[in-house]
Amino acid sequence: MTAEQGQPVPDATGEVAVVMTPIPRAGFVAALCGLHKVRGQVLETSGGPIVVLDDASETAAVQSVRALSGFLKGAPFLLALARDGQVQMQEWRGGALTSRPAPGIALADSPGVVTTLLSGTQTIDQVAQTHQDKVRSTSMSRFAAYRALLKETKELKKEGRA
């Protein structure tokens, strides 16, 4: 079955890993991922940017969220791991796992695209086809990532959010 028919279209492994961030700018998240060599796609959503990780294995996902949450010490990062129709949630702060909230509660206010991705109804590539202006790659050199972080930090300060 296809996504157009409303049926799940899981990736080759049946796994999806999504990091939900407290950061308001997708460019900042993409640069932060680039700096820490976290590979994936950043999707700008109504609830803030999310990162759909290229490697959805639990080991790689945990390593990625540890690096990202370690950069912003007090801010909560949520890691959603979808495997064989089951979703597990982890909350990370300062590079450490702080809790394992119930998926229903943790995802209650998340944008619909998050559950669409976690359920396998659509892949990030399918979402990107219809929302090209909302998706950013994390693939960049560390130098480019550092420059982008500086630029994004300036923009955040202008907006009064940093």
- request: Please indicate whether D109 has more than 12 foreign heavy atoms, meaning atoms of other residues, nucleotides or ligands, lying under 6.0 Å from its CG.
  value: no
Heavy-atom pair with the smallest gap, counting every atom of M89 and P103: CG-CA, 3.5 Å
message: Could you check whether any side-chain N or O of T138 sits under 3.5 Å from a backbone N or O of Q41, counting only pairs where one atom can act as donor and the other as acceptor?
response: no
- prompt: Any donor-acceptor pair under 3.5 Å linking the side chain of T116 with the backbone of T121?
  reply: no
message: Counting C-beta onward and ignoring hydrogens, is there a side-chain heavy-atom pair between L156 and R25 closer than 4.5 Å?
response: yes
query: Quick one: are R39 and K37 in side-chain contact, heavy atoms under 4.5 Å?
result: yes
query: Where is the tightest heavy-atom contact between G40 and D54, given as atom of each residue plus distance?
result: CA-OD1, 3.2 Å
- prompt: Could you state the interatomic distance from CG (L53) to CD (Q63), rounded to the nearest 0.5 Å?
  reply: 11.0 Å
message: Do E91 and S99 make a side-chain contact, defined as non-hydrogen atoms from C-beta onward lying under 4.5 Å apart?
response: yes
task: Measure the shortest side-chain to side-chain distance between R142 and H36 over non-hydrogen atoms and say whether it is less than 4.5 angstrom.
output: no
- prompt: Can T123 and D125 be counted as having a side-chain donor-acceptor contact under 3.5 angstrom?
  reply: no
- prompt: Looking at side-chain heavy atoms only, is the closest gap between E159 and K154 below 4.5 Å?
  reply: no
statement: In short, G34 meets A145 closest at the heavy-atom pair C-CB, 3.6 Å
message: To the nearest 0.5 Å, what is the distance between OG1 on T153 and NZ on K158?
response: 12.5 Å
message: Tell me the closest heavy-atom pair linking A61 and A17, and the distance in Å.
response: CB-CB, 3.9 Å
- prompt: In Å, rounded to the nearest 0.5 Å, how long is the span from CD of E15 to OG of S57?
  reply: 7.0 Å
Pairwise side-chain contact, V18 with V16, heavy-atom cut-off 4.5 Å (strictly under): yes
- request: Check whether any side-chain heavy atom of F143 lies under 4.5 Å from a side-chain heavy atom of L35, and answer yes or no.
  value: no
- prompt: L107 versus V114: any side-chain heavy-atom pair under 4.5 Å?
  reply: yes
Steps toward side chain to side chain contact (heavy atoms under 4.5 Å, CB included) verdict (V127, L117): CA-CA 9 Å; V127 172; L117 292 165; 4.0 Å; yes
field: Full working for side chain to side chain contact (heavy atoms under 4.5 Å, CB included) between V19 and I50
entry: CA-CA 6 Å; V19 178; I50 64 170; over 6 Å; no
task: Output the distance between atom SG (C33) and atom CZ (R136), rounded to the nearest 0.5 Å.
output: 12.0 Å
message: Using side chain to side chain contact (heavy atoms under 4.5 Å, CB included), reason through L78 and W92 one step at a time and then give a plain yes or no.
response: CA-CA 6 Å; L78 285 176; W92 289 77; over 6 Å; no
statement: Between the CD atom in E152 and the CG atom in L32, the distance rounded to the nearest 0.5 Å is 11.0 Å
message: Set out, in order, the CA-CA distance, both residues' side-chain angles and the distance that settles side chain to side chain contact (heavy atoms under 4.5 Å, CB included) for L81 and R83, then state yes or no.
response: CA-CA 6 Å; L81 298 165; R83 306 224 176 329; 3.8 Å; yes
task: Identify the two heavy atoms, one from V42 and one from A26, that lie closest to each other, and give their separation to 0.1 Å.
output: CG1-O, 3.8 Å
statement: Closest heavy-atom pair, P22 versus P76, reported as atoms and distance to 0.1 Å, is CD-O, 3.2 Å
- line: Value for CZ (F71) from CZ (F28), rounded to nearest 0.5 Å, stands at 5.0 Å
query: Should M140 and I23 be regarded as members of a common hydrophobic cluster, given that ILVMFWY residues are connected when their side-chain heavy atoms come within less than 4.5 Å of each other, either directly or indirectly?
result: no
